[in-house]
Amino acid sequence: MSTPNVLDELQWRGLIAHATDLDALRSHLGQGSVRFYVGFDPTAPSLHMGHLVQILTARRLQQAGHTPYALVGGATGMIGDPKETGERTLNSLDTVKDWVEKVRGQIEPFLSFEGANAATMVNNYDWTASLSVIDFLRDIGKHFPVNRMLARDVVRSRLEAGISYTEFSYVLLQSLDFLNLHRDHGVTLQFGGSDQWGNLTAGVDLIRRADGERAHAIATPLMTRSDGTKYGKTEGGALWLDPEMLSPYAFHQFWLNVEDEKVGELLRVFTFLRRGEIADLERLTAEEPWKRAGQKALADEVTTLVHGADETEQAKAAAAALFGGGDLHALSTTTLAAALREAGAASVSREALPSIVDLFVEAGLAKSKGEARRTVSEGGAYLNNVRVEDPDHVPTTDDLVGGSWLVLRRGKKHFAGVEAR
RNA sequence: GGCAGGUUGCCCGAGCGGCCAAUGGGAGCGGACUGUAAAUCCGUCGGCUUUGCCUUCGAAGGUUCGAAUCCUUCACCUGCCA
């Protein structure tokens, strides 16, 4: 799907929070396949929702005929991008190398490595590790006025609390990446999250100062809830893309629970549905919000992109079984067991079934017995969809659904299963 | 280097010898209302073998029947002076 100008598409999807020069960029993108890059620092063993915006944006640009360079920050990950809350803890080389491989593996499925505009994976460790300090300070450092570096928002916010020279220098490395990719591969566009804007423009400046050439930058917006707080948090933490860190079921549930006001925006950013389809879904969400057509489409689309169609079907089936409101005993054992494994399951001995409080802790629905006890006293604890009011209640083998399962629920929407063996 | 002030539970922030596991706000969690939404209201919010016990108020010592609260030393932060 080659659009006349992909920039219009990105703007319509709300993906451009800042850009260096929109008119110049538009004509640049209209003149053929532009080589662009986007970087990911390995700061955790998995990428999350925020990175997904970048990955999908890269895919959109590639689909429009442009050529992606996906960069993993083997070098920048060793240094750490300054953040407002404080100094980062340095990770060991082994850790960073491990995470680089994981991150790389998460990006690759989204891009095409074949054809005229095949994607390329690069690692900035390759050109940074052997760089001499003298060369770095003379060739790169000379182009960075410290007074300008001090004026950046992130740096300024850290001057009181303190910032190490290490983090202060981060922007030089990222700018060097852009310069190198520009020189060696003809890359002329970098994009990243809006919190990266300073780093993006620094790279554009460096290319101009060092080589006298023009480059472009785009910043995508930070995803926020309607109350302004950051998106992408679940009970367990970030919205990780790694199924080991966040089950496809939990991932699917996150999107399904998105607020009505945000459905349209999220559909534009996180799916490849076309304008007409999104317009229909927005209309349905406004007219019949209780049907949550937008949320369902969003959850299915994004989960399929990240985890595949099979996992999506299983997540949906699990949700249907658990939230169906029907009699649990009416479900087939296979369906029930699959649903509970999706939601999270533990196993106990059927010889001595633990009390409801212990079961909640065992199944991960409560962090401590105190919390489990509290949940019971608050009326938020359910066994097989029946509220339990006695924290010392001990289920019997008669309670086992399908012969071996106990269905636990906390509050309205947190399910877990316990298998009695 | 000198003087003054600070360091409290996930975050912000009270407390200034016993009634303190520690006021209040935010986040989180549960309930009501709903649509597995938002808003609102109510409750809850260190751990445990839970009418009690244990571990917390920057760190380590000390005074006292008893300390988050007093004293000493150390670490870090802030302000004023040099």
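Sequence lines set the chain letters: A, B, ... in the order given, protein chains first and strands last, and positions in each chain run from 1.
- At B/A32, none of the side-chain N or O atoms of A/K412 fall inside 4.0 Å of OP1 or OP2 (strictly under the cut-off).
- Comparing the P positions of B/U8 and B/A59 gives an interatomic distance of 10 Å, to the nearest angstrom.
- Here B/A39 presents its P atom at 13 Å from NZ of A/K262, a figure rounded to the nearest Å.
- Checking A/H252 against A/D300 by side-chain atom types alone, a donor-acceptor pair falls below 3.5 Å.
- Atom C1' of B/C54 sits at a distance of 29 Å from the matching atom of B/G25, rounded to the whole Å.
- Straight-line distance from the CD atom of A/Q253 to the P atom of B/A37: 10 Å, rounded to whole Å.
- Pair assignment for B/C16: none, as no Watson-Crick or G-U wobble contacts are both less than 3.5 Å.
- Between A/V357 and A/P391, the shortest heavy-atom distance links the atoms CG2-O, 3.3 Å.
- In this entry B/A37 has no Watson-Crick or G-U wobble partner, no candidate having both defining distances under 3.5 Å.
- The gap from the C1' atom of B/C10 to that of B/C45 amounts to 11 Å, rounded to the nearest Å.
- Going from the P atom of B/A27 to that of B/C41 covers 12 Å, rounded to whole Å.
- How far OG1 of A/T166 is from CE of A/M78: 11.0 Å, rounded to the nearest 0.5 Å.
- Taking atom CD of residue A/E265 and atom C1' of nucleotide B/A37, one finds them 16 Å apart after rounding to whole Å.
- A donor and an acceptor atom, one from each side chain of A/Q54 and A/T220, are located under 3.5 Å apart.
- Partner assigned to B/U44 is B/G28, using Watson-Crick or G-U wobble distances below 3.5 angstrom.
- Using a 4.0 Å heavy-atom distance criterion, A/Y382 is classed as a sugar-phosphate-only contact.
- The interatomic distance linking A/R292 (CZ) with B/U34 (C1') rounds to 11 Å, in whole Å.
- Both A/K291 and A/T375 lie near RNA chain B, and the one whose nearest nucleotide falls closer to the 5' end is A/T375.
- A/L179 pairs with exactly one of A/V204, A/V187, A/I140 by the side-chain contact (heavy atoms from CB on, under 4.5 Å) rule, that one being A/I140.
- Side chains of A/Q196 and A/Q190: a donor-acceptor N/O pair is absent below 3.5 angstrom, by distance only.
- Counting to the nearest Å, the C1' atom of B/G35 and the CG atom of A/L284 are 15 Å from each other.
- A donor-acceptor pair is defined here as one N or O able to donate and one able to accept, closer than 3.5 Å; such a pair exists between the side chain of A/R292 and the backbone of A/L256.
- No hydrogens or angles considered: a donor-acceptor pair under 3.5 Å links the side chains of A/D177 and A/W127.
- Annotation: salt bridge (charged side-chain N to carboxylate O under 4.0 Å, His left out) contacts of A/R104 (sequence neighbours excluded): A/E101.
- Pair check for B/C76 finds B/G6; Watson-Crick or G-U wobble, both atom distances under 3.5 Å.
- Atom name C1', nucleotides B/G2 and B/A68: the rounded distance is 30 Å, in whole Å.
- Here the separation of B/G13 from B/C65, taken at their C1' atoms, is 33 Å to the nearest Å.
- The distance from atom CZ of A/R409 to atom C1' of B/G31 is 12 Å, rounded to the nearest whole Å.
- The residue A/A366 sits apart from the nucleic acid: no heavy atom pair falls under 4.0 Å.
- We find that CD of A/E259 is positioned 7 Å from P of B/A39, with the value rounded to whole Å.
- Across all strands shown, B/U56 remains unpaired; no Watson-Crick or G-U wobble contact has both distances below 3.5 Å.
- Atom pair A/F360:CZ and B/G30:C1' shows a separation of 11 Å (rounding to whole Å applied).
- Across B/U69 and B/A14, the matching C1' atoms stand 13 Å from one another, rounded to whole Å.
- Nucleotides B/C71 and B/G18 place their P atoms 15 Å apart, quoted to the nearest Å.
- Pairing partner, B/C70: B/G62, with both Watson-Crick or wobble hydrogen-bond distances short of 3.5 Å.
- Side-chain atoms of A/H414 lie closest to B/G30 of the nucleotides B/G30, B/A32, B/A38.
- Looking at the side chain of A/W290, the nearest of the listed nucleotides B/G31, B/G35, B/A37 is B/G35.
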When you check every protein heavy atom under 4.0 Å of nucleotides 44-51 of chain B, what one-letter string (B, S, -) results, 5' to 3'? SS-SSSB-
